[in-house]
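Keep in mind that the numbers below use all heavy atoms, side chains included, and drop hydrogens, waters and symmetry copies.
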Amino acid sequence: MTLEQQKKFKYWQWRTIAGTMIGYIFFYLIRKNFSFLMPGLTAEYGISKTSLGAVITAAGFLYGLSKLLNGMLADRINGRWHMVTGLAVSTVTALLIGFGAEIITALTGVPEGSTPEFVGKFTILLSALWIVNNIFQGCGFPPCSRLIPRWVPSNELSTKMSIWNTSHSIGAGLAGILCGSFIMATMGTDMSADPAMVATIAQNLGKDITDPAVISAAEHVGAWKWAFIIPGIIAAVGVFITAWILRDTPKSVGLPELSEQENKDNAEPEKQESQAEISAYITKHVWKNPVIWALALADFFVYVIRFAVLDWGPTFLREHCAMSPEWAASTVIIFELFGVVGMLAAGWISDKVFGGRATRTCFFCMLGALLAIIGFISLQTAGASPVMLLFVLALAGMFIYGPQALIGVIASNHATRKASATANGLVGFVSYISPIVSGLGFGMIADSHFGWHGVFVAMVVMAIIGMLIFVPMWKMKRDAYEE
């Protein structure tokens, strides 16, 4: 490339990274909001935690399946419009859920309230729209795993993909601040002076009318609607921003493509391939590639630990370590901040210390997570303070976010640009089977005679297995482009 082309390429490279990050943050804003508004749905309509849990489980499984299918699709279509379409449909579903109560009343004539007839119809609408939302949420990551490797050379991918991965933490943090700290705490209609509403909320929550949780819910009736509508409006603007920023490939802006041998002057440009040739290539480099399957298995154990730390850590600290509700609620934000540090450090170490061999970084990250969990068990047994326990759990989260960011990079490099989205779709699908262990499995252990100690011992076992998977990959090449 000429000097002018190099400058233009660098500009579009960072524009693509920024654009995909921004787009993915908008996806997170209308997916991670749900957990913050569930208490409002239970308080106002009496929707049980079992029903909400069933919705979350079904949507989560279909989200993982969608990542797999969209990964296969992403290697074949324009990444820019793939991502924009998914965000647009997810945005529409979020807005429809926000107006869901009014939609049910308009269509059926059943007035809004906690009557069985209204709750039944509303729950069906809520479930259907949230499942559709999660299916199209699967259009978020696969286009990114196609776009970024087409703009970033393989020897820089670990560092720059780790920068991109901070969008997970930024999106989750923004959802928590906007929906959890602002909307659900300040918006809605104050009906605490309405005895009938207070009595209804108390009945739905199974608490006394003087309970602080009942009073708080009565002061913010309908706030859950705004926790869908406001993020939905923001995401609608994000659809246009994402479409404006992104382009598909270097060729689409008049630049030469990154060749499979980036630094060779005589590298041949990529030829136009038929669908049959693309399918054969993907079959060889993904479905019949033992490296991709090993990475998928490793990511399963990474996600078991990640979800266990995020989902069970705050509950354990609050219920068994006398941590205040405010501190327990802040643990998610603390975990995400530590996670950002872990991702950025892991990417830099992979490229600068290990020459792009990110599997070596993953091994040491899993070792760090293992030691942090063992340290947590020891400190908890010794009666350490809740703040110290939170710090050690956050360290475990920091280490686990390294492999969470890098496994996708390794998959992209070993499936090559032509099949990176399919490879990451497969890895993503397997990783989202993990809640069966981290959620249901660990919950059953916690309720058994093994208790919480059994949960953390199980996490140690998961960390050891995940770490050992990376041992045979120690001498593996950085990528498969030479093949």
Could you report the tightest heavy-atom contact between [X] and [Y], atom names first, then the distance?
X      : Y      : answer
Met83  : Leu246 : SD-CD1, 4.0 Å
Met398 : Phe338 : CG-O, 3.2 Å
Thr242 : Gly19  : CG2-O, 4.3 Å

Centroid-to-centroid, Phe141 to Trp164, below 6.0 Å?
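Judged by ring-centre distance (under 6.0 Å), Phe141 and Trp164 do meet the cut-off.
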Would a distance-only check, ignoring hydrogens and angles, find a side-chain to backbone donor-acceptor pair under 3.5 Å from [X] to [Y]?
X      : Y      : answer
Asn133 : Ser90  : yes
Ser162 : Ser158 : yes
Arg146 : Ile77  : yes
His220 : Gly188 : no
Thr189 : Met191 : no
Ser167 : Ile25  : no
Asp248 : Gly79  : yes
Thr108 : Ile104 : yes

Any non-hydrogen side-chain atom of [X] less than 4.5 Å from a side-chain atom of [Y]?
X      : Y      : answer
Ser66  : Gln137 : no
Leu178 : Ile234 : yes
Leu129 : Leu125 : yes
Val460 : Ile464 : yes

Separation between CD1 of Ile17 and CE of Met21, rounded to the nearest 0.5 Å
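Separation between the atoms: 9.0 Å.
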Can you tell me how far CG of Leu295 sits from CZ of Phe300, rounded to the nearest 0.5 angstrom?
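If we round to the nearest 0.5 Å, Phe300:CZ and Leu295:CG are 15.5 Å apart.
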Take the angle between the ring planes of [X] and [Y] and call it parallel below 30°, perpendicular above 60°, tilted in between.
X      : Y      : answer
Phe376 : Phe456 : tilted
Phe228 : Trp224 : perpendicular
Tyr45  : Phe122 : tilted
Phe429 : Phe61  : perpendicular

